Amino acid sequence: MSLVEGLRNGDKRAVAKLISLIEDGDAAATAAIREIYSMTGKAHVVGVSGPPGTGKSTLIFRLAQEFRKRGKKVGIIAVDPTSPISGGALLGDRVRMGDLASDEGVFIRSMGTRGRLGGVSAATSDAINVLDAYGSDIIFVETAGAGQTDVEVSDLVHTTVVVVMPGVGDEVQALKAGLFEVAHIFVVNKADLGDADRVASDLSIMLELGEQGDWTPPVLTAVALRGEAEKEVADFLEEHLTHLRESGRMEEKKRRRAEKELMIAISESVLERSLALSSGRSFMSFVDEVLEKRMSPREAAIRLLEESHSGD
Ligand SMILES: Nc1nc2c(ncn2[C@@H]2O[C@H](COP(=O)(O)OP(=O)(O)OP(=O)(O)O)[C@@H](O)[C@H]2O)c(=O)[nH]1
Ligand SMILES: [Mg+2]
């Protein structure tokens, strides 16, 4: 059975295999994505971001349990750009994961980028599409608070949840890398440990000072560890999805996502092309031209590209 057939039949192993191929940048993944792409676009994609250790994974596990109770099929991807080892952080945590690991209606996976030229955005975008085509109703994408990655991933999701915690100094300052602007729901977690109310009011003040759109992000305090927050967060996730649909913003989001996906694909194709050219037959002779100052690097590059196009 092909991977795509496996995916259609709800085989988790096919999904896992496909995501490994995506991480590697394998051509088989590219072919599979082409086949399944028309089946995507149904899931509610939720980004969960924030500084390291704030309780993002804990909250996601709780939310997954909550959405299972609501009859939804759940996909979870933890994006870890620094780790080449897939299945690390998340899967190592079977205790916190509880019965989710064996639940047929939940797919959990952490992923790195391994050999993927397009990097984390390309791999994440493809993995979202795989879980979408697999039939997930809701997909959580955890990003490790590495600033740029979170913001990039926010273009690929419908709703962004930002999780912070009290006790690390200026918590609000920690969101300056652009995360603050993309958040739809704030969760101040670990309310059992510190002054979550103060952090929540700082966030609320900052929100009031900012530009008011047609969605005002709620600021919730939580103790994800004890499972005291997921119902409320889940309600707001559903509310935001309804808001997107009813306000017409969903169409805008879809267009932005399509733009982002196309840009990611262009960048990756260009990188692949560059790599192919630099290992091609003519490359060394053009290096000689540059070395001997007969051509500028730019001129040599243009000639090299022209030559390769005429050979297409
Ligand atoms: N006291 C307390 N600890 C919590 C709470 N939520 C999570 N933790 C603990 O905080 C630690 C980090 O939680 P994670 O869920 O792994 O946090 P994370 O944001 O996913 O961490 P990274 O993925 O490493 O950035 C774990 O030891 C959790 O058990 C909470 O509400 N209160
Ligand atoms: Mg985590």
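Just so it is clear, the model here is predicted, and its values are computed rather than measured. Counting starts at 1 for both ligands and their atoms, following the listed order.
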Note to self: Is it the case that the side chains of H184 and T159 hold a donor-acceptor pair, with the cut-off being a distance below 3.5 Å and no angle test?
What the structure shows: no
Item checked: Contact flag S57/the Mg ion (ligand 2), N/O/S atoms, threshold under 2.8 Å -> yes
Check: Would you say the side chains of S308 and R273 form a donor-acceptor pair under 3.5 Å?
Finding: yes
Note to self: Using the salt bridge (Lys or Arg N to Asp or Glu O under 4.0 Å) criterion, which residues pair with E268? Sequence neighbours excluded.
What the structure shows: R116
Item checked: Distance-only donor-acceptor check, side chains N129 and E261, under 3.5 Å -> yes
Note to self: Under a 4.0 angstrom heavy-atom cut-off, which atoms of ligand 1 come close to P52?
What the structure shows: 25 (O)
Next item on the list: Out of A229, A196, G55, A224, indicate the one that has the non-hydrogen atom closest to atom 17 (O) of ligand 1.
Entry: G55
Checklist line | Contact partition for N189 relative to ligand 1, non-hydrogen atoms under 4.0 Å | finding: side chain
Margin query: Evaluate G53 for polar contact with ligand 1, using N/O atom pairs at a separation under 3.5 Å.
Written below: yes
Check: Counting both backbone and side chain atoms, is some N or O of P51 under 3.5 Å from an N or O of ligand 1?
Finding: no
Item checked: L225: numbered ligand 1 atoms lying under 4.0 Å from its heavy atoms -> 2 (C), 3 (N), 4 (C), 5 (C), 6 (N), 29 (O), 30 (C), 31 (O), 32 (N)
Note to self: Please work out, at 4.0 Å between heavy atoms, whether the side chain, the backbone, both, or neither of L193 comes within that distance of ligand 1.
What the structure shows: side chain
Item checked: D192 and ligand 1 - part of the residue with a heavy-atom distance under 4.0 Å -> side chain
Margin query: Parallel, tilted or perpendicular: which one describes the rings of F140 and F67, with boundaries at 30° and 60°?
Written below: tilted
Next item on the list: Give the numbers and elements of all ligand 1 atoms closer than 4.0 Å to a heavy atom of S57.
Entry: 15 (O), 18 (P), 20 (O)
Check: Can M39 be reached from I22 by stepping across I, L, V, M, F, W or Y side chains whose heavy atoms are under 4.5 Å apart?
Finding: yes
Margin query: Contact between ligand 1 and E142 is defined here as a heavy atom of the residue under 4.0 Å from a ligand atom; is it met?
Written below: yes
Notebook entry, point to check: What residues, two or more places apart in sequence or in another chain, satisfy ring pair (Phe, Tyr, Trp, His ring centres under 6.0 Å) together with F186?
Noted result: F180
Notebook entry, point to check: Parallel, tilted or perpendicular for W215 and H243, by the 30°/60° rule?
Noted result: tilted
Note to self: I'd like the atom name of the N/O/S atom in E142 lying closest to the Mg ion (ligand 2).
What the structure shows: OE2
